[in-house]
Amino acid sequence: MPELPEVETVRRGLEPYVTGARIDTVTLNRKDLRFPFPEGFAEALAGATIESTARRAKYLLFRLSTGKTWLSHLGMTGTWRFEDFKFKEPSRYYEPTEDRKHDHLVLELSHPQHGQMQLIYNDARRFGFMDLFGDDSESAYLNELGPEPLSNAFNAAEMAERFKGKKAPMKAALLDQRVVAGLGNIYVSEALHRAHIRPDLAAAKLVLKSGAPSKRLEDLADGVRTVLIEAIDAGGSTLRDFRAADGNSGYFQHRFAVYDREGEPCPTPRCKGVIERIVQSGRSTFFCPVCQH
DNA sequence: CCACTAACCTGTAGGC
DNA sequence: TGCCTACAGGTTAGTG
């Protein structure tokens with residue numbers, strides 16, 4: 001489900017209510033999601049206070065008073081929601097309508113201002129997973145990630161280094177979390193459209209012989225940054241069931257230029273193209289064959 | 001090392 | 001209505 005903007009939206013929804021909350025009880029309704037919960041997971045969370053939240057790529061991180069970090073990846077269908085919790089603004093309270101058979105983890109929290117609440121992880125496909133570690137460098141999931149696209153570590157020169165010699169198409173190169181961390185199927189198509197680059201172009205084509213980034217690669221870095229910033233501002237994209245923890249849905253899907261818009265006119269000014277859908281590495285890619293080259 | 005495929009799992013939409 | 005297929009926001013394991 002969620003790419004970087006959706007995960008950041010989830011984090012922002014959780015942050016004011018979980019920061020400072022103590023985890024009173026931890027109930028695992030099964031022993032695994034995509035992978036088994038780590039050894040001693042429930043015991044390590046119980047009794048701890050959540051001191052802060054963070055995000056790296058598509059990973060949610062909860063920093064605990066015990067010095068441990070608890071990591072949550074949402075896979076395709078993972079969601080966090082509150083229950084038994086009276087929001088001060090009742091309109092923001094999420095009333096789940098679905099059955100609860102995919103509620104895999106239930107935490108009871110107590111917060112000094114917000115009182116008692118349940119925090120529930122639901123994940124129909126169970127592609128999500130969790131981890132627990134002392135230092136970020138201990139986590140296999142965090143170790144190989146490329147730069148955060150909204151940090152200074154991400155720029156065209158840095159992309160050029162990683163694209164150099166890469167025969168893989170742009171689509172695959174941008175989905176590779178070791179190249180840029182946090183893009184997924186939607187925002188790769190959107191970023192490539194913004195930069196007017198075809199998704200089937202070999203990544204190395206955007207690197208000059210000197211190893212320096214081409215102007216087009218600069219445009220791509222800008223496209224990645226702007227689409228992510230705008231999507232975060234819009235609260236992410238809601239396709240099927242994505243919701244922030246407060247129950248609000250995102251609205252960036254209304255601003256997609258190409259994703260899921262096969263057959264529609266290209267939104268680039270004066271472009272007469274029609275959006276096409278192709279399959280790359282088994283997944284849909286959307287692009288304009290006229291203004292992307 | 002790179003590139004590609006299959007696999008993990010459930011739900012839903014669309015065609016007949 | 002039912003049945004069947006294709007497809008869905010991600011990542012890893014296995015192959016060549």
Side-chain angles (χ1 to χ4, degrees), chain A residues 1-11 29-36 55-60 71-80 96-104 121-131 139-146 161-191 199-204 207 227-228 231-232 234-244 249-256 258-263 277-286:
Chain A
M1 166 196 5
E3 306 180 32
L4 188 154
E6 290 72 39
V7 177
E8 179 60 21
T9 299
V10 169
R11 192 197 65 77
N29 292 330
R30 51 181 303 130
K31 61 182 184 357
D32 57 16
L33 296 171
R34 169 147 193 197
F35 308 114
R55 179 195 54 73
R56 173 79 169 102
K58 302 173 194 171
Y59 298 100
L60 276 171
L71 172 154
S72 163
H73 191 290
L74 303 174
M76 294 277 256
T77 51
T79 62
W80 284 105
T97 53
E98 81 277 22
D99 62 76
R100 303 182 175 199
K101 68 178 164 180
H102 299 305
D103 286 354
H104 305 307
Y121 181 74
N122 182 289
D123 188 350
R125 292 177 76 180
R126 299 201 304 278
F127 286 174
F129 50 89
M130 300 194 191
D131 197 9
S139 170
Y141 302 117
L142 300 180
N143 272 336
E144 306 234 315
L145 291 175
E161 257 176 59
R162 292 164 200 262
F163 280 8
K164 199 171 168 185
K166 252 198 190 294
K167 291 208 172 88
M170 293 303 316
K171 169 71 183 286
L174 290 176
L175 278 179
D176 186 341
Q177 302 295 297
R178 296 168 302 183
V179 173
V180 197
L183 292 178
N185 211 37
I186 292 177
Y187 297 105
V188 164
S189 279
E190 294 296 311
D200 51 2
L201 185 71
V207 183
V227 76
L228 293 178
I232 291 171
S237 304
T238 296
L239 265 59
R240 272 154 284 281
D241 48 10
F242 167 72
R243 295 197 167 256
S249 54
Y251 53 90
F252 191 74
Q253 65 278 10
H254 304 301
R255 310 229 310 258
F256 290 164
V258 292
Y259 186 83
D260 206 18
R261 298 206 183 284
E262 181 180 20
R277 172 186 179 272
I278 58 173
V279 175
Q280 293 178 288
S281 346
R283 316 193 60 196
S284 293
T285 301
F286 299 87

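In what follows, every chain begins at residue 1, and chains take the letters A, B, ... in the order their sequences are listed.
Rounded to whole Å, the separation between the P atoms of C:dA6 and B:dA6 comes to 14 Å. With C1' as the reference atom, C:dT12 and B:dG11 are 22 Å apart, rounded to whole Å. Separating the P atom of B:dT12 from that of C:dT11 is a span of 23 Å, rounded to the nearest Å. Taking atom P in both B:dG14 and C:dG9, the straight-line distance is 16 Å, to the nearest Å.
Remark: the backbone N or O of A:Ile186 is paired with a side-chain donor or acceptor of A:Glu3 at under 3.5 angstrom.
Contact between the side-chain N/O atoms of A:His102 and the OP1/OP2 oxygens of B:dG11 is found at a separation under 4.0 Å. A close approach under 4.0 Å does occur between a side-chain nitrogen or oxygen of A:His73 and OP1 or OP2 of C:dT11. The side chain of A:Lys171 places no N or O atom within less than 4.0 Å of a non-bridging phosphate oxygen (OP1 or OP2) of B:dC4. Between A:Ser281 and B:dT5 there is no side-chain N or O to OP1 or OP2 distance below 4.0 Å. For B:dA3, the OP1/OP2 oxygens have a side-chain nitrogen or oxygen of A:Lys166 closer than 4.0 Å. Between A:Gln177 and C:dT11, a side-chain N or O to OP1/OP2 separation shorter than 4.0 Å is present. Residue A:Lys58 places at least one side-chain N or O under 4.0 Å from the OP1 or OP2 atom of C:dG10.
Following rounding to the nearest Å, A:Leu33 (CG) and B:dC8 (C1') show an atom-to-atom distance of 12 Å. The OH atom of A:Tyr251 sits 22 Å away from the P atom of C:dG9 (whole-angstrom rounding). The distance between atom CG of A:Asn122 and atom P of B:dC9, rounded to the nearest whole Å, is 17 Å. As rounded to whole Å, 16 Å separates atom C1' of C:dT11 from atom CG of A:Leu4. Distance A:Phe129 CZ to C:dA13 P: 10 Å, rounded to the nearest Å. Between the OH atom of A:Tyr141 and the C1' atom of C:dA13 there is a distance of 13 Å, rounded to whole Å. What separates CG of A:Leu60 from P of C:dG9 is a distance of 20 Å, to the nearest Å. If you measure from atom CZ of A:Arg56 to atom P of C:dT11, you get 12 Å, rounded to the nearest angstrom.
Counting any heavy atom pair closer than 4.0 Å across all strands shown, A:Arg178 reaches no nucleic acid atom. Looking at heavy-atom distances under 4.0 Å, A:Gly282 makes no contact with the nucleic acid at all.
Of the listed nucleotides (C:dC7, B:dG11, B:dA3), B:dG11 has the atom at the smallest distance from the side chain of A:Ala124. Comparing atom distances between the A:Arg125 side chain and each of C:dG9, B:dA7, B:dT10 picks out B:dT10 as nearest. Side-chain atoms of A:Arg126 lie closest to B:dC9 of the nucleotides C:dC7, C:dG10, B:dC9.
Side-chain polar atoms of A:Gln177 and A:Tyr141 form no donor-acceptor pair below 3.5 angstrom. Donor-acceptor pairing under 3.5 Å is recorded for the side chains of A:Ser284 and A:Arg277.
Counting atom types as modelled, A:Arg34 pairs a side-chain N or O with a base atom of C:dT11 as donor and acceptor under 3.5 Å.
An aromatic stack links A:Phe127 and the base of B:dC8, using centre distance under 5.5 Å and interplanar angle under 30°.
In this structure, A:Tyr187 and A:Phe252 have tilted ring planes: the angle between them lies in the 30° to 60° band. Relative orientation of the A:Phe129 and A:His73 rings is parallel, given thresholds of 30° and 60° on the angle between their planes.
Under the Watson-Crick or G-U wobble criterion, with both distances below 3.5 Å, B:dT5 is paired with C:dA13. Judged by Watson-Crick or G-U wobble contacts below 3.5 Å, the nucleotide B:dT10 has C:dA8 as its partner.
Within a 6.0 Å sphere centred on CZ of A:Arg178, other residues, nucleotides and ligands contribute 12 heavy atoms or fewer.
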